[in-house]
Every structure is written in structure tokens, then in C-alpha cells.
Colleague: 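There's a structure below that I have some questions on.
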Amino acid sequence: MTLPEMKYPLSRDQLLDLYYFMKLTRELDEQLVRLFRQNKVVGGLYSSIGQEASAVGTAYTLEKRDWIAPMIRNVGGLLVKGFRPRDILMQYMARSGAPTGGKDGTSHFGDLQDRHVVSPISMLGDLIPVMTGVAMGGRYLGQKIVTMTWIGDGGTSTGAFHEGMNLAAAQHAPFVCVVENNQWAYSTPVARQVPLKNLADRARAYGIPGYVVDGNDVIAVYQATKEAVELARRGEGPVLVESKTMRMKGHAQHDPAGYVPPEMFEYWKARDPLALYEKWLTENKVWDKKAKDEIEARIERELKEDIEIAEASPLPNAEEAERGVYCEGCHTIEAHWERPIAEVQPPKASVQPVWTVPDFGALNNARGSAPAAAASAPDDGARAEAHSNSSAKSAPAGSGAPKRPARAEARPKGRR
Amino acid sequence: MTLPEMKYPLSRDQLLDLYYFMKLTRELDEQLVRLFRQNKVVGGLYSSIGQEASAVGTAYTLEKRDWIAPMIRNVGGLLVKGFRPRDILMQYMARSGAPTGGKDGTSHFGDLQDRHVVSPISMLGDLIPVMTGVAMGGRYLGQKIVTMTWIGDGGTSTGAFHEGMNLAAAQHAPFVCVVENNQWAYSTPVARQVPLKNLADRARAYGIPGYVVDGNDVIAVYQATKEAVELARRGEGPVLVESKTMRMKGHAQHDPAGYVPPEMFEYWKARDPLALYEKWLTENKVWDKKAKDEIEARIERELKEDIEIAEASPLPNAEEAERGVYCEGCHTIEAHWERPIAEVQPPKASVQPVWTVPDFGALNNARGSAPAAAASAPDDGARAEAHSNSSAKSAPAGSGAPKRPARAEARPKGRR
Amino acid sequence: MAPVTMVEAIREALDEEMQRDPSVVLIGEDIGVYGGAFKATEGLLAKYGWERVIDTPISETAIIGAAVGMSYQGLRPVAEMQFIDFIACCFNQMVNFVAKSHYRWGGPVPMVVRGPCGGGVHGGPFHSQNPEMWFVHTPGLKVVYPSTAYDAKGLLKSAIRDNNPVLCLEHKFLYRRVKEELPAEDYTVPIGKLAVRRPGRDLTIATYGAMTLHSLDAAEELAKEGIEAEVLDLRTLMPLDRQGIIDSVRKTNKLLVVHEDVRSGGIAGEIAATVNEQAFEDLDGPILRVTSLDTPVPFSPPLEERFLPQVADITRAARELARY
Amino acid sequence: MAPVTMVEAIREALDEEMQRDPSVVLIGEDIGVYGGAFKATEGLLAKYGWERVIDTPISETAIIGAAVGMSYQGLRPVAEMQFIDFIACCFNQMVNFVAKSHYRWGGPVPMVVRGPCGGGVHGGPFHSQNPEMWFVHTPGLKVVYPSTAYDAKGLLKSAIRDNNPVLCLEHKFLYRRVKEELPAEDYTVPIGKLAVRRPGRDLTIATYGAMTLHSLDAAEELAKEGIEAEVLDLRTLMPLDRQGIIDSVRKTNKLLVVHEDVRSGGIAGEIAATVNEQAFEDLDGPILRVTSLDTPVPFSPPLEERFLPQVADITRAARELARY
Ligand SMILES: Cc1ncc(C[n+]2csc(CCOP(=O)(O)OP(=O)(O)O)c2C)c(N)n1
Ligand SMILES: Cc1ncc(C[n+]2csc(CCOP(=O)(O)OP(=O)(O)O)c2C)c(N)n1
Ligand SMILES: [Mg+2]
Ligand SMILES: [Mg+2]
């Protein structure tokens, strides 16, 4: 067996791993629908059918130390990051054994210590500045991490998305934002959000790279996102990756999605990410029937076990409702330093607090010239001049802070 | 005298008008500083010295029926729209004769009935969705208006800016947003806001045109903005105009601006918009000394008179503090219709409530292709496909609603 | 006339007002083709077209901002929050632009913001909140919070016709659970007047929204024990019908406030302060309150049940007060 | 030790905490090179460098979001709002992300948000607000509001060391108007404990922030008339020192609440409700309040003076209550 050549190679085990996670996501989704119909799911049920390649292929590019925050359709990302189906099942079933113990539902949970997962909230866009902050914090601590989150096509219209991306760009934060363009925001088609062909163009407002990728092709998703992650880890700042895919169900179980043209579902059904990947694995002889059957048997076994565990978990005790509003000694809060602390303390930390503005912001057009329709594209030149947060002096070696000369940064000589 | 050729010609009177407004802005500014030093100004004093061409040249493109909302450095816009120096003086001096009677200060006032001016609030960015709404409302009422507001380089980082521009683009609202890039947001240089060479690139996130213009050249400002206004009025949607200029004072009177490199002030001082325009008027023989002197005498006279009026106006009565939280019959609220109302009432208004999504949002790349760094530029093609708010059926003739085929719009046949 | 649910009553109000006044336009997320997450605007796009039923991007700040702008044009926009919890995303526009406009510079803002609030449907922390006090505490806004289909329709109509910004809170638990026949003819319910839902002499229960139903249930039980509770449905929270509350307290001499909103900083405090100021002498016992816990709204049913005030909590507090 | 102003005390707190704990970082607009609009962070960039004193774009939501993210990394970010009024622009992050994080999923958020609030300096409607009740009414947040330089420093230190999100409100009128000598050694002021600023037996005045000074002035005057007012400086608004208030009321039997915040929905209500519940029998008169008007903060000096509570308003209400 020779695997197809890729810029970021994947081993056979990894290729099968991707399949495992995608298939597990799909099967878990379907089991949840079954449980929903049995009235065992509390509240709404959100499906990611059709988007498995997008969630799994992106999250799979990360290392253990890296951080994610999942949105509602990124159960695949949670699985890749080490959560188990039981966690998701118990969240949806509001059981005491769930990661939040029933305090919150769906994918609204996380793990700061081991898996480095931040819990989302319902308000779209809010995770973008938060994961920018996790990235900034990680760089300050010397951790060489990358952070990632996902946002829907609709979510890119929020103010929080803009402020977060903008801060990430201004800070050159090691952050990857995956825009999952699944064509719909609830009942609203993407063209109604903004007259753009590619949501990757949102990146142009921040002078950062924006990639477009076929979100139903898990290998393509992995390759594009891996490149973004590498860029971010090297300290070149945030990257936006638009993953084009399709939400194959309604917004949630209650929504029959009657507003979606039926032919649109047909079109995308022929591009089912699991079917496409199965075909790819077969055509490239990565697996045989036995390997496939093994994975599927494993998934069936694991899901069965986890559903049993979930169903056996009782609902929480009522008194729990009163607890936990404040942290009262239940958590020890400690930063995880991977650089010498002396670097961030005076006198080592000290700088000259002045700005330089090399070109004074001058317009390079001739006076009185006619307006050029649309300014120049954000190119490498623009990036090279972009401001960096860390002056050469205070930047920790290899901390991921950019090395390039900054446009407005501490000047060597003192002023004011 | 032959005037230089321009795409949007200006008569001699108009050219002198521009000078009048710019010079009046400058002189008013300086009088306010004098009054500030005499402790007659209440609260902070914000200067627009260096930015007169930007405020005046943009506002001057508008017609009487058009709407503006001024930011703090757009006193020039207020003057063009028909407010008098006394209004601004009394606002800053917190007098009972001020447009707000002392309830609010600075340029925080407006006039819905005659001058079509919306009062800003301090929170940056908030005017963008508001003026989008005024534009949408005007279109609905058949008024053929354009709305305009200004925002600083710093203000473009706010979520409100993003949500407002995005809605304007999605709605194809007849709205022009002038980004006054004066290099500084309080003490923060523009490169620290975002790593972009041109803030006009912000427009790319919305698939709308973004112009860059020399903000210290009033003719250039007028020409570029006029083009934007014409576009918007024709129903082609919003336009962003970046006006590159320089804030020649501190953020407000209390701020000595020690953080600005002194050479930067020197550089821009040589490009003073008033001096440049005086030179241009002379070189192009638009005026002679007499015309200039007349304008300046008029300004001196008017200012003297208005300062007297302002100083004579008493502070408001304390009881006024308790009044006006709610509108209790003090305003008659009436929409100004310029189209037949029947058009917006059933049965004429009725539509088929369905979406069409012609290309199903498909990615046109080959499967598994490598990610392209940055998506295609928002070109006319993208705009042509952009969604329009008004179906062909319900769009009022000539209301400014776009006529192009919409990407996701009401379909002729009924579904759901 | 067949009885209609609260959500149907709301749709009727919108429809009738749009028919009556072409200045009325709707704006919000998924309100057009889809008819709204709770179907409050179903059928209105088909009838009134794209210009009057405006589906927006996911941008609460832009929704409110655009509504303000339209209202400056003399229109009367009605903005929907898909869930009222998302009003936090446009809070600045609400409290700084909308609320202060008329006071600051005489720019009236005749707009309505409406949306589903409240718990009891396992919506979790972000789909169950009661945000009223943030806005009751913001001068310049009016806040209404109906408990019946009749009031929902009548208050919404009043809100649309009001020259001030009005926040209409609609309890989602009640959307399809209360049902009643409505008058065929046009009617409004005045903003700022409470309704006595049940007269009584032993104590006053002041409440609103879904808790009105709980309080009436409690009053029923209390009556069996010989305690006659007067149940006030506040209906409008700002302007609060202070006189109506005082009048009742003057009669019963005892006051229990019940609200679904969290305890600390809830409207019970404002009512307690008002009664202290205006009817202290009439009090024969402490003003008590039954409220939700001072926590976010938990998701799991047993937790949410503990979080929310229950009928038993009301009867217990009322008994204590009656015995006082 | 030379006496220091409140804003200097705040700067000292930040400096000492940054020196003590490298996990403490600052984030905000114009806080670095410029040293902050009120110079609360002056000199700290020079000392601690670009990584610890982070000048941001004008993006309050991003500031709070990034602070949350950093706090998830175990850092202790202190975010500055240039004026506290701008907290409305990140309200959603504050009440939905920050406040609910620990309860929902056990994600502690050890961060501080601080900024200048309050009126009296002709700042107008957007630079004078008192936003405390929006956050007191949001479970999961702590809110402190000092009136002295000593407390400003000690409470800010406690806030930074607290494992929960704390909002530190700093009255800009007091920034340079109060001055005192501070201890040379490290000290903190506990969150949740009021201070009795002046003991008295005839009535209790519960207040905080700039109104503490007004209340003390009023107490001075009242003393001349033989009325001994006990003045409580609440210092922390959430958690409120309910016991401290009750203890004082048990002694004086009368309570006047004074706050600069607007009247309806202000903390006076919460205090009135608490005292009703826990010390009704001890009351020999109605709980009264002196507050700002229910309006936005007007700009012009005579209007602002009418808007704000004045010493004479306090003495008048106190006299009435004392006579009761
Ligand atoms: C700020 C905000 N406004 C409204 C909502 C309600 N809402 C939940 S999901 C959704 C649609 C989301 O669309 P998109 O971002 O494309 O994500 P998708 O569901 O397609 O994955 C909406 C409007 C929300 N969660 N947050
Ligand atoms: C949302 C918001 N945050 C913070 C401020 C405080 N503030 C007032 S002006 C200003 C700088 C504005 O810079 P810019 O937008 O470039 O406008 P300029 O003053 O240069 O005209 C800041 C930070 C504000 N007004 N609004
Ligand atoms: Mg989507
Ligand atoms: Mg600027």
C-alpha cells in the first residue's frame, strides 16, 4: 500500500482514525435522534450530519497541548479531543454523570486541565475573543500552543466575531478560526447574511490569510487546516479557514427545514462526507472490508456501552441547583509556565513606552487623484508591516511571538 | 476663469462654499479653545483641526433630503447641514439655548425634521447600524435618500461597526460610511488596531466597494464621496470611503499627545488641508484676495455674533433635568411617504415566502485540491449575485432598491 | 371566535397593526420565510412582503440599531429577539442609544422589542432568562410582561402605538399554554396598569408573567384554608403601577411579591421600597418575596424545578405572612 | 509615607500585585503608552513590558473575551474600561460568558474588570453612569465600590486574588479628591464587608461610593441638631453585607439608603427587601431612600446638580425619618 502524497502526510492509522471519529460522530448523532424520539433527550437536539469531515478534519490537526472550543455542531471535535460519547449523551440527557452534572446541556462543557477544551455559550461569536485570549495567554506562558474554534456562516455576522478576529490579528495570536459555511443559519441562507461568494473574504478585513476548503473532503480539510495551524504556531498570527459544507438536517430536531430547496439536499447528499471518504479509503487501498468492519464494530460496542452508562446515570439532585455560582476553593488556579518567569518581571520586562509610526500613515497617491475603487489586497507586504505585540526585547524566545519588524512598536530611544 | 475638469464638477460658488465651511470649522475650533481656556466650556473639548477637508468635503456631496450623523470631529458636517456655530458653541457651553438645552454636550444633537441629522452617542460604532436603518426606512418610504456617517480608524474595531456594515451590505442600503483614518485612536496608532495598510479593506468583508482618498484634499474627498453617494443612491448598496488624514491635536484638550512622534506632526502640518486648498484656489484662479477677504470677514462676523448669542444664553433651569425622559405628546410621529402606500399593503405587498439558492453554495474547486491562500476578491460578479431585500414584485419603482437578480430571494412558485 | 393561544394573540396583534398602519415593519432573525423560531410572525411575510418583514443577519446590535434608524424615519419597527437572552448582545444599543434618545436630544424612538423569555421548558442558562430588571432600571424604556393572551395582544398593540421604546417580554412557557377567546374588535391594554386577577382581603400577592398562574393556583389552595389572597398581575413593570399596589396593600395590609426573576435585585425590592415609602403604616407584616434562586438557570429538570418558584413555595410564604 | 489619591492607590495595587504575581496582566484601551485615560496604569508598561500591559483596539467585547481566555490559562487579567459606561458594549460577555462560567461547567474566571464610574464632573449621559445594579442582579459576579483610597487599594488587591470575576467600580469624582496615607506593608480589604464610617444611634444611613462623603457631611450637620446618624459604607455591593446592615438597623431602628444610582431598581430596593425579611420588627419607621432622578445623567451643571443627590436631600430625609 502506498498512500497518496500529501503536503502534511497522514499514516494509515491516522487515516483510519479520521474515519473512526467521523463515523462515531455520525452514529452518535443517530443514536441521539433515537433517544430524542424516546423522550430521553432534554431540550433541543442539534445534528451535525453532513459536517463530520469539517469538525473531525480540523480538530485532528491539533496537538494535545492545543486548545479548542466546540460549537454545537462540533461533537466530532470533542471526540477527537478525548471526550467520549457518554459525555455528550449525558449532556443531552441532562444526567448527573454529565461533565456539567446537568447544569448545562449539549456541547456546552469543557475541561481546562487535561483536554484543553473551553465550553461555548449559546451566543454566537463570543468564543472568538475568548480563544484569542487563550492563545495570548498561552504565548505569554511560553506554551507554544494553537487555539481553534468554529463558527457558522451566520455567526460571522456578529460583533463578537469581528472584535475577536480583529484583536487576534492585532495581537498576532496563534489562533485558527474555522468558518463552517453550511449554507444556512437556522432558516436563513448565507447570501442573506452577506453578499460574499466566499466567507473567507471576511479575513481581508483583518489583514490575515483566509482559506477556502471543501468541507466534505476530510483530507482536504485536514491539509488546509494543518497549514493554518502551522502558520499560527510559527507566530505568523491567526488564520481563517472557510469550510464549505451543508447542514443536512433542520436547525434542530423540531425544525423540518421546509425552507431548504429539496434539490439542494439532493445535491449535497451525493457529496456525503462519510461516503466520499469511504470511497477514498477503498480506492486508495487504505483499508479492506475487515478493517472497516472492525472500526464499525468498535463503534457499535463503544456506543452501546456508553448509552448504557448514560441511561444508568441518574438525574442530578435538586440541591445541586444551589451550588457552584462562585468558586469557593473548589479550584486551584495556577498558570502553567513554560518559560522563565524572570523574563516577564522587572527589570527584564522593562521597555521604553513609545510608538514609532514609520510612514506617518501617508497616502501614497498623488494629490487630487481620482479614487481607486477598492484598496490594495492584503498581501505579504501588509502582513510584514503588521504590528506585533511583543517588542524584540520582551518577546520570549520561541514563544510564538512574531519576529518581524513592527510598524508601531517600542522605539529604542526614550520619549515622553 | 476655467475651472479644472472634474468628474463631478463644482461651480465657483461651490468651491468657495467649501472653503467657507472648512475655514469656519477651523475658526470655530479655535474660538472654542479660547472659550475653554476661559473656563466657559463644560466638560471636554474635541478638536477637528487637520480634518476639515474630510468632514466638509464628504457632507457637501449630500442633498437636503439626505441624512447624516456626525461624530465628534464632524462639526464641519453639521455646518454644511445647516447648523450654525451658535449651536455648537452652546452645546459645548451647556447653555439652555443649545439644541439639547444642556441635556447633552458636544456634537451630540440632531434634527429629525428639517436638517435630517441624527445625534451620535459616545459609544463608537453605534451609528453605523442606526444610519443603515435610516437608509432602509427612507427606501421603504420611497424617499430616494442616502445616509452618511463617519467613524474613526479606531471605531472600525467595534462590533457595532461590523454588524452595521454587514446589515447595510445584506440589505443593499443606500448608506455611505466614511472612515476617517486620522492615524490615532486616542493614544493608539492605527497599526495597533489592525494590521492593514488601508482601512478601506474593511469593505472586503462585506462585498462592498471600499475607496481610499486623500482626506486633506477637499476636492479629492468630494469627488470620491460623490461617487460613493451616487452609487448608493442608484441602489447599488453601501460604500465605504477611507479618508486618510491626521488628528493635529490631542484626543481632547486635556491630552498633550506626547505619544505622537513630533516629526509626524511636522509631516502633516505641511499638508494642512486649509493651506492646501487656499493654494489650490489661488493656483486655479478661483478666487482673488478680495473674495478670500470677504469670506474671512463673513466668518469673523458670524462667529462674533454667535459667540455673543451663546454667551448670553443662560444655563438651563434645574427643573429641566426632570423632564423629557419619555415622549408624552411632545412629538407627532409621522412617516414621510413619497410612494403610494398601497404598494406596501396587501394584496399588493404579498409575496411567496421561499428562498432560492441557485448554486447550492457548492465549492467550485476540484475535490481534494490544496487550499488556495485567500479567496477570490469581491468583484462585480459577487455583487451581482448579492441578495437583495426587495423582490422584483414588492420593490417600489425607483425606490432605490436594487434591480439585479437576487441570489436567495422569493421564488415565483409556492413551496412549504 | 375560537380561543387563541398567547403566541397566536401576538401574531394577531402584529397582523392587525401592520394592516392598520403601514408604518409598522418587522425586523429580526428568521422571522420571514420561517415565521420566527416560535412562529409569532408566521404568514406575515407572505402578506406584507420583503420590505415589511425583514430577515436579518445574526446581528442583534444591527437589528436594534436599524430599528432605531427606521423609527427616526417615523416608522414603528417591531424587532424580535429570537430568544430574549440575546438582548444582552445589543444591550448597549438598548440602554445607551434607544433609552436616552428622547431625553438627550428629543429624538423619539417609537419602537418595540419583543421576544420569548422565562424558564420551565428546560432551555438552559441561555434560553430561559428573565432580563426585565436590566431594563426596568434604565430610564427611558417601558417594559411590559403579560400573563394572558388578551393582555399579550392588547399590550403589544399599545406598545406599537406608543411613542416610546417598549420592551415586550413574552413568557415562552405561556406561549401555547394559555388560551382564551379574544374580542373581535380592536382593543388595547393600557401600559402602566395592573390587573387584580383575584380579589382577597388577607394578603396581597404581587406578581407577573408565568408566576401569575402559580400565584392563582396558590391562592386557590390558600382559600381552602380560609386565607383570601388578592392576586395582582403587574402586567407593566415600567412604569410600575405603584398606586395599584399601594391600594391593595392598604386593604390587605400584607404583601408578598412573587417573581421568576432571580432574587437579588429583582423587582420585589423596588416594590418593597415603594410600599415602605408610601404605605409603611399600613403594613401589618414584613414584605416577603418568593423568587428564583440567585444562580444562572440550570438545565436539568430537577435543577430547574428547584431554581424556579413553585406553588408550594408561594403557599408556604403566604401562610407565614397571613399568620403574622 | 505621603498621602496618596484614590487613583494613585489603584495604581499601587496594580503595581504591587503585578510584582507579586506574574500571572497578573493588564488589558485595555490606551493603558500602555498613555497610561490610561485617568492614568491609573501610568508607568506600568515601562516596568512590565508589552506582554503584561496590553493596549487593545477599541473592542470592549474582545477585551473581556480575551481576559476570560487568559483567565482560563490560569492568569489573572485586570481589564480596564476607559469609562465604565462602555461596559454596556461587552455586556453579553460579562453576564453570559463571565458570570455563568463557573456555575455551568466549573470554569473559574479569576479576572477583574475595573473602570471609572459616577457623575459630578459634567461628563454627560455616557461618561457618568452608575452601572452597578445590572451586575449586582447577575449571579456569578462580585461588585465592589470603594469610597476611600485605602479601600480602593485593598479591595482591588482582594479582587485580583479572588478566584471569581470581580467588577471594581471607581468613582471618578473621588479619583483625585480623596487622599490618605496608606500602610507601607501589603494589606487587603475583604470583599463582602461593610465599614461603619460613623457610629450613631438615631438612624442608619447605608450608602457607598461618592455618596459616602455626602452622607458623612449630612451626618455632621444632623449631629448639630442632635440627630446621631450611623453611616455605613457598603463597599461591596455583591455579596452584600446583609448582616452588617441588619445589625445596624437593630440598633438604630431606622434606615435611610442613599445612592447615586438612579432610583427605580437601585440597590435601596434590595436593602429594603432584606430588612423587611430579616428585621421588620426592628423598624420604627419606613425605609427611605435618597437617590438620583430616574433619568439619564444630564450634562449641564444645574441639571446634573438636580439629578444627583445633594447633602441637603440627605439631611431632609434623615430629619423626617428621625422625627418619625
Ligand atoms: C448572538 C446570537 N443570536 C441568535 C442566536 C440564535 N441562533 C442559534 S443558532 C442560530 C443560527 C446559527 O447559524 P450558523 O452560525 O450558520 O451556525 P449553524 O447552526 O449553521 O451551524 C441562531 C440564529 C444565537 N445563538 N446567538
Ligand atoms: C465603544 C467605545 N469604547 C471606548 C470609547 C472611548 N473613546 C472615545 S474616543 C476614542 C478614540 C477614538 O478613536 P477613533 O475612532 O480613531 O476616532 P478619532 O478620535 O481619532 O476621531 C475612545 C477609545 C468610546 N467612545 N466608545
Ligand atoms: Mg450555518
Ligand atoms: Mg482616529
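By convention in this document, chain letters (A, B, ...) are assigned in the order of the sequence lines, proteins followed by strands, and residues within each chain are numbered from 1.
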Colleague: Can you see which heavy atom on A:Ala205 is nearest to which on B:Leu196, and at what distance?
Modeller: O-CD1, 3.2 Å
Colleague: Is the closest side-chain heavy-atom distance between A:Asn166 and B:Arg202 below 4.5 Å?
Modeller: yes
Colleague: Using the rule given for side chain to side chain contact (heavy atoms under 4.5 Å, CB included), can you reason through B:Phe360 versus A:Glu263, listing the C-alpha separation, both sets of side-chain angles and the distance that settles it, and then say yes or no?
Modeller: CA-CA 9 Å; B:Phe360 302 148; A:Glu263 321 84 61; 3.8 Å; yes
Colleague: In terms of heavy-atom proximity below 4.5 Å to chain B, should A:Thr245 be classed as side chain, backbone, both, or neither?
Modeller: neither
Colleague: Can you say whether B:Thr158 sits under 4.5 Å from chain A via the side chain, the backbone, both, or neither, judging by heavy atoms?
Modeller: both
Colleague: Shortest non-hydrogen contact from B:Arg192 to A:Ala170?
Modeller: O-CB, 3.5 Å
Colleague: Quick check on the interface: out of A:Thr188, A:Val194, A:Asn182, who has the most heavy-atom pairs with chain B under 4.5 Å?
Modeller: A:Val194
Colleague: At their closest point, which heavy atom of B:Trp355 faces which heavy atom of A:Pro189, and how far apart are they?
Modeller: CE2-CD, 3.4 Å
Colleague: Looking at B:Met264, B:Lys244, B:His162, which has the largest count of heavy-atom pairs under 4.5 Å with chain A?
Modeller: B:His162
